[in-house]
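All remarks here apply to the structure that follows.
Ligands are counted one by one from 1 in listed order, and the atoms in each one are counted from 1 as well. What you are looking at is a predicted structure, and each value in this text was computed from that prediction instead of being measured.
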Amino acid sequence: MITPKIQDAINAQINAEFWSAYLYLAMAMHFEGEGHHGIANWFRIQFKEEQAHAEIFINYLLSRGGRVVLAPIGEVPQSWESPLAAYEATLAHEQKVTSLINNLYALAESEHDYATRGKLDWFVSEQVEEEETAQGLIDRLKLIGDNGLALYMLDQELASRVYNVPAPLANA
Ligand code: MG
């Protein structure tokens, strides 16, 4: 069994992951409309990854005999000034998610729930990757500046991103 405190915290994290998914889907839709189909593809994959994160927590809560509560998903922004603005918003959001994961980790420790703490290890590493990827794209977009050809080339590159089922879900 899982303590009510941990169950509530995981349910809150499930909601946060779905909110992330919704945010990235909104970004994908925005950039489809702007004609940046590669960037849109990148965000669509980000959307799928976030859904997978929510599913990992759902499966975990069920495996511990917990109850999954699906709360409403809050509103997300609908437009961004530029690809750079969207990736800056992505980085800021991922930094927030990192602190959520860290708080959950600290709670699992204080509750002596070592199974939950162990489950979170993958998410800790995943957040390092998320922040690094967003920062990398911010750096490149800053170099690109208002060079349309360079932006076109980056868009082409991001069009080739493919979705890989995250390991904890693939092995479930
Ligand atoms: Mg996530």
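Applying the ring-ring contact (aromatic ring centres under 6.0 Å, His included) definition to pairs two or more places apart or across chains, those involving residues 61-87 are H30-W80, W42-Y87, F43-Y87.
By the criterion of a separation under 2.8 Å, the protein N/O/S atoms near the Mg ion (ligand 1) amount to E17 OE1, E50 OE1, H53 ND1.
Within the 4.5 Å cutoff, the side chain of R64 has heavy atoms near those of the T116 side chain.
Without hydrogens or angle criteria, Q135 side chain to L91 main chain gives no donor-acceptor distance under 3.5 Å.
Among N15, I58, L61, the one residue that satisfies the side chain to side chain contact (heavy atoms under 4.5 Å, CB included) test with I10 is L61.
Residue-environment remark: OH (Y163) exceeds the threshold of 12 foreign heavy atoms within 6.0 Å.
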Residues N41, L158; criterion side-chain contact (heavy atoms from CB on, under 4.5 Å); working and verdict: CA-CA 7 Å; N41 172 65; L158 298 181; 5.9 Å; no
